[in-house]
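Any value given below was found using the heavy atoms of this structure, including those in side chains, with hydrogens, waters and symmetry copies removed. Position 1 is the first residue of the sequence, and the numbers go up from there.
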Amino acid sequence: MTSDELLTRHKTVLPSWLALFYEEPIEIVSGSGRRVTDSSGREYLDFFAGILTNAVGYDIAEISDAIRSQVDTGILHTSTLYLIRNQIELAEKLAELSGIPDAKVFFTTSGTEANEAALLLATQYRRSNQVLAMRNSFHGRGFGSIAVTGNRGWSATSLSPVNVSYVHGGYRYRGPFTGLSDADYIKACVEDLREVLDTMTAGDVACLIAEPIQGVGGFALPPDGLYGAFAEVLAEHGILFISDEVQTAWGRTGENFWGITAHGVTPDMMTFAKGLANGLAIGGVIARGDVMDCLTAKSISTFGGNPVATAGAKASLDYVLDHDLQGNAAKLGAVLRDGLTEAAARHDVLGDVRGKGLMIALEFVEPGGRKPSPRAAAHLTEEAKARGLLVGKGGLYDNVIRVAPPLTLTEAEATEGLEILRESIAVVDETAKKEST
């Protein structure tokens, strides 16, 4: 069966709003290391890792062996009505790594479900449905998580179970505070936060939820320390702080194991998912013990933290820690970022290069200004694909390329990917200039 035939079947039985990359979508059928192969036999270097989820790479023996070992027991599922040794051991490790006092962990099957759970805990603990969120944010596709998503392109409905107020700060390249120094930017955003609290809420706000680096929003990031300054204001009002670590955890930023650590604050809750189990479905919430235990109704998680997912997660987490993949992200992320920054200086179509570790964004603009160019970003994905490289896309205006390879990336692969990106950017820049004349 050809890819065209498979695409026709896809369109027939799957939702029209289920996005696909590329003018000619591909089916990935195998992978090894940092490379994947499509159904036609074409191999690609993967710089998006299943939306940052295949964080350790493909066909990693230690992880595959751990999963097979659990499968060989015949127990794929029991539910949380029974003790699950893998789940308990993983929770113990995550609680310790979090730094959250008296931390407890609740496992889910996705980041969306994790953020829904965190919102439930915060609103119940504070007895308030008022929530603060960041402009340009994304927290999932559930009813509550869509409500706190500050990006119109991903907000499927205006209906909401919570009363949300949005504050400035996550997306520095655009907005009223662009061009300010780090200190002045933080000061302006803190003043905005105080004004929102004073004018748009009834005072008893439940929480602020924020991504240390906005993932779907185009790897947008504020100056280090912003959320630490926010936390001081939140503490004055007893407001909880939730750090959405779905894309920034596990050392991907290179600097720290958790993205929020760069801001000098320990949140009341952290949500996680994606890269923890290197492709298996898992997510969850780490919270202060008193916050986690605030629910009075009964609850379970049928699939959350199941034996197979937690076996894979334990092995993946051990691999990240044992092989210092955080250090690797810092080292090779700098190679990529420096090379791409140099390319931006030569090509007007590339307006901004930003990010940390192996979480890098390229924001494309119309030559000669800052007008977003989703056309140029789409062109870049096609040019990179044609040269054997897969990258991601995102941003408020769909004009940002997201570069996030597995954390096991080698120096040779970083150089290879960088060269493909440079060649592709040059072609996109030349095309954009011709089209603008």
Side-chain angles (χ1 to χ4, degrees), residues 21-22 24 26-61 219 251-254 275 278-279 319-320 323-347 349-350 352-364 376-394 400-431:
F21 272 176
Y22 306 117
E24 297 180 0
I26 60 174
E27 177 192 10
I28 295 174
V29 297
S30 65
S32 178
R34 275 66 51 195
R35 298 182 190 273
V36 297
T37 303
D38 70 15
S39 56
S40 71
R42 177 89 188 275
E43 186 179 80
Y44 303 89
L45 179 60
D46 187 2
F47 266 30
F48 200 37
I51 320 178
L52 292 77
T53 301
N54 302 310
V56 187
Y58 300 91
D59 195 24
I60 306 300
F219 291 172
R252 177 162 288 280
T253 68
N278 203 45
Y319 197 99
V320 168
H323 292 80
D324 187 25
L325 296 191
Q326 178 181 318
N328 193 55
K331 175 184 175 183
L332 297 185
V335 171
L336 290 172
R337 195 167 57 254
D338 289 348
L340 292 168
T341 299
E342 186 273 334
R346 292 184 287 108
H347 300 296
V349 76
L350 187 48
D352 191 33
V353 176
R354 57 179 178 260
K356 293 183 176 184
L358 290 176
M359 195 173 185
I360 301 169
L362 311 175
E363 179 148 356
F364 284 85
H379 187 187
L380 187 285
T381 65
E382 297 292 345
E383 291 292 335
K385 178 194 169 193
R387 291 168 173 77
L389 181 71
L390 303 183
V391 293
K393 195 152 61 76
V400 178
I401 294 300
R402 295 193 283 166
V403 175
L407 301 178
T408 50
L409 186 73
T410 67
E411 189 167 352
E413 290 164 342
T415 300
E416 177 186 351
L418 177 58
E419 184 58 31
I420 291 174
L421 285 169
R422 282 171 168 164
E423 292 175 2
S424 301
I425 291 166
V427 172
V428 172
D429 186 67
E430 182 179 1
T431 301

Please examine the side chains of [Y] and [X], heavy atoms only from C-beta on, and report whether any two atoms are closer than 4.5 Å.
X	Y	result
Ile26	Phe21	no
Asp352	Val400	no
Asp46	Ile28	no
Tyr22	Leu390	yes

Would you give the length of the straight line joining atom [atom1] of [X] to atom [atom2] of [Y], rounded to the nearest 0.5 angstrom?
X	Y	atom1	atom2	value
Leu418	Leu332	CG	CG	11.0 Å
Ile425	Phe364	CD1	CZ	5.0 Å
Leu336	Leu358	CG	CG	6.5 Å

Among all residues two or more places apart in sequence or in another chain, which pass the side chain to side chain donor-acceptor pair (under 3.5 Å) test with Arg422? none
[X] and [Y]: which non-hydrogen atoms are nearest, and at how many Å?
X	Y	value
Val349	Ala376	CG2-CB, 3.8 Å
Tyr44	Leu389	CD2-N, 4.2 Å
Tyr58	Gly50	OH-N, 4.1 Å
Leu407	Asn328	O-ND2, 2.8 Å
Ala404	Ala49	O-CB, 3.6 Å
Ser32	Asp59	CA-CB, 4.3 Å

Side chains of Asn278 and Tyr319: do they bring a donor and an acceptor to under 3.5 Å? no
Enumerate the side-chain hydrogen bond (donor to acceptor under 3.5 Å, both in side chains) contacts for residues 380-394, please, sequence neighbours excluded, ordered by first and then second residue.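 Every side-chain hydrogen bond (donor to acceptor under 3.5 Å, both in side chains) pair that includes a residue of residues 380-394, provided the two are not neighbours, is His379-Glu383, Glu383-Arg387, Arg387-Glu423, Lys393-Asp398.
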If a pair satisfies side-chain hydrogen bond (donor to acceptor under 3.5 Å, both in side chains) and one of its residues is in residues 329-342, list it, with sequence neighbours excluded. Glu342-Arg346
Can you list everything that forms a side-chain contact (heavy atoms from CB on, under 4.5 Å) with Ile51? Sequence neighbours excluded, please.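 For Ile51, the residues satisfying side-chain contact (heavy atoms from CB on, under 4.5 Å) (neighbours in sequence not counted) are Phe48, Lys274, Arg402.
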Could you tell me which residues satisfy side-chain contact (heavy atoms from CB on, under 4.5 Å) with Ala344, sequence neighbours excluded, listed by chain and number? Leu350, Val353
Taking salt bridge (charged side-chain N to carboxylate O under 4.0 Å, His left out) as the cut-off, I'd like each qualifying pair that reaches into residues 30-45, sequence neighbours left out, listed once.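 The answer is Arg34-Glu413, Arg35-Glu416.
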Going by side chain to side chain contact (heavy atoms under 4.5 Å, CB included), Ile360 matches just one of Ile401, Val403, Leu421. Which one? Val403
Does Gly357 offer a backbone N or O that forms a donor-acceptor pair with the side chain of Thr253 under 3.5 Å? no
